[in-house]
Amino acid sequence: MNDDLKPLFDSYRPELGDADEYTERLQRKMEALRWMKQQADEQRRLFRRWLVVAFATGAVLGAVALAYTLMHPLPHPAPDASRLLLVLQQLRPALVALAVAGLSALTAHLATGSGRVAE
Amino acid sequence: MTPERFVELVKEEQEVLRRFLLALCGGDRPLAEDLAQETLLKAWLASAQYVERYRFRTWLCKIAYRTYVDHLRRHAHTPLPLDETMPLPASERADDSFRHEALHRALARLPLKERTAVCLFYLEEQSLREIALATGSNPIAVKKLLSRGREHLRKLLNNER
């Protein structure tokens with residue numbers, strides 16, 4: 001096939017600058033990238049460690065809080081007790097769960113905060 | 001892949017890659033150089049996924065094409081400054097410079113897929129299958145693209161004369 005475009009592209013040899021310098025520049029960037037990747041991996045490891053700490057803290061605090069509420073039940077409300085006390089008693093398990101969740105979230109927040117400092 | 005092996009392969013293919021991107025960018029040297037570095041860094045990061053049965057060049061061109069498409073998406077509202085894309089080093093011969101300039105200008109006006117197919121076919125001498133691999137297409141579609149691209153390019157080059 002007679003292709004008139006081929007000679008045009010065959011003669012397309014634009015000057016591209018020094019190849020060695022180009023490769024050196026690339027190698028420097030690769031080195032920087034390797035360092036950044038190392039830092040990111042380190043960061044990820046740290047984050048995972050803190051996540052485990054946060055989970056363990058949440059579990060321990062939750063168990064303690066649950067044990068405490070079971071061992072110290074609220075006195076049975078007197079017949080004239082206010083409605084609020086009654087509602088509180090009904091909601092007690094939910095309040096304990098909320099407190100545990102809050103403590104876990106706080107620990108996790110502190111952990112991520114520490115991670116950021118390490119950055 | 002070890003860094004040494006990667007650099008070795010890059011040394012062999014960097015000229016091809018830079019020339020391909022320069023043509024794809026319509027002669028915009030700074031952009032082509034930036035994209036070439038970005039391509040090589042992406043390739044380095046993904047080097048574990050490189051499958052030896054494909055040519056390294058084909059794999060690089062595939063990444064380069066995607067990098068260029070990403071660049072176009074990022075700068076979708078910035079038109080290609082044609083007048084500024086043409087500066088060539090003074091050391092190039094005037095007639096070569098003129099020919100390259102005309103080719104760059106014509107290529108810059110081709111639709112992206114046609115431009116990519118034409119550049120890979122003529123500059124990198126890639127097969128239809130390899131071009132299809134690089135552009136995420138199939139060989140039949142590439143054949144049609146090439147045919148259309150050739151026609152368009154001829155018309156554009158004739159208009160340049």
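Side chains are part of it too, since the values below use all heavy atoms of this structure and drop only hydrogens, waters and symmetry mates. First the proteins, then the strands, lettered A, B, ... as listed; each starts at 1.
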Please rank D20(A), L5(A), T23(A) by heavy-atom pairs under 4.5 Å with chain B and give me the top one. L5(A)
Quick check: is L103(B) connected to F121(B) through a chain of hydrophobic side chains (ILVMFWY, heavy atoms under 4.5 Å apart)? yes
Before giving the answer on side chain to side chain contact (heavy atoms under 4.5 Å, CB included), spell out for V118(B) and F9(A) the whole-Å C-alpha distance, their side-chain angles and the decisive distance to 0.1 Å. CA-CA 10 Å; V118(B) 165; F9(A) 280 97; 3.5 Å; yes
Are L112(B) and L21(B) connected, step by step, through hydrophobic side chains (Ile, Leu, Val, Met, Phe, Trp, Tyr) whose heavy atoms are closer than 4.5 Å? yes
If you count every heavy atom of other residues, nucleotides or ligands that lies below 6.0 Å from R66(B) atom CZ, does the total exceed 12? no
What about I63(B) and M30(A), same hydrophobic cluster or not, with Ile/Leu/Val/Met/Phe/Trp/Tyr joined at side-chain heavy-atom distances under 4.5 Å? yes
Evaluate L40(B) against K29(A) for side chain to side chain contact (heavy atoms under 4.5 Å, CB included), listing each step before the verdict. CA-CA 10 Å; L40(B) 291 170; K29(A) 284 186 183 174; over 6 Å; no
Contact summary for R19(B) and L16(A), nearest pair of heavy atoms: N-CD1, 4.2 Å
What about L153(B) and L146(B), same hydrophobic cluster or not, with Ile/Leu/Val/Met/Phe/Trp/Tyr joined at side-chain heavy-atom distances under 4.5 Å? yes
Side chain, backbone, both or neither: which part of A36(B) has a non-hydrogen atom closer than 4.5 Å to chain A? both
Compare every heavy atom of A19(A) with every heavy atom of R18(B), then report the nearest pair and how far apart it is. NH1-CA, 4.2 Å
Can you tell which part of Q14(B) gets under 4.5 Å to a heavy atom of chain A, answering side chain, backbone, both or neither? side chain
Of all the heavy-atom pairs spanning L26(A) and Q37(B), show the shortest one and how long it is. CA-OE1, 3.8 Å
Under a single-linkage definition using a 4.5 Å side-chain heavy-atom cutoff for Ile, Leu, Val, Met, Phe, Trp and Tyr, are L107(B) and V69(B) assigned to the same hydrophobic cluster? yes
Once you round to the nearest 0.5 Å, how far does NZ of K6(A) lie from CZ of R150(B)? 11.5 Å
Step-by-step side chain to side chain contact (heavy atoms under 4.5 Å, CB included) determination, L157(B) to L8(A): CA-CA 11 Å; L157(B) 286 169; L8(A) 182 69; 3.4 Å; yes
Please report the shortest heavy-atom distance between E33(B) and Y22(A), naming the atom on each side. OE1-CE1, 3.3 Å
Below 30° counts as parallel, above 60° as perpendicular, anything between as tilted: where do the rings of Y12(A) and H104(B) land? perpendicular
State, with a plain yes or no, whether a side-chain heavy atom of R34(A) is found less than 4.5 Å away from one of P3(B). no
Are more than 12 heavy atoms, taken from residues, nucleotides or ligands other than R129(B), located less than 6.0 Å from that residue's CZ atom? no
Find the distance between CG (L45(B)) and NZ (K37(A)) and round it off to the nearest 0.5 Å. 6.0 Å
Please say whether more than 12 non-hydrogen atoms of neighbouring residues, nucleotides or ligands are located less than 6.0 Å from NZ in K113(B). no
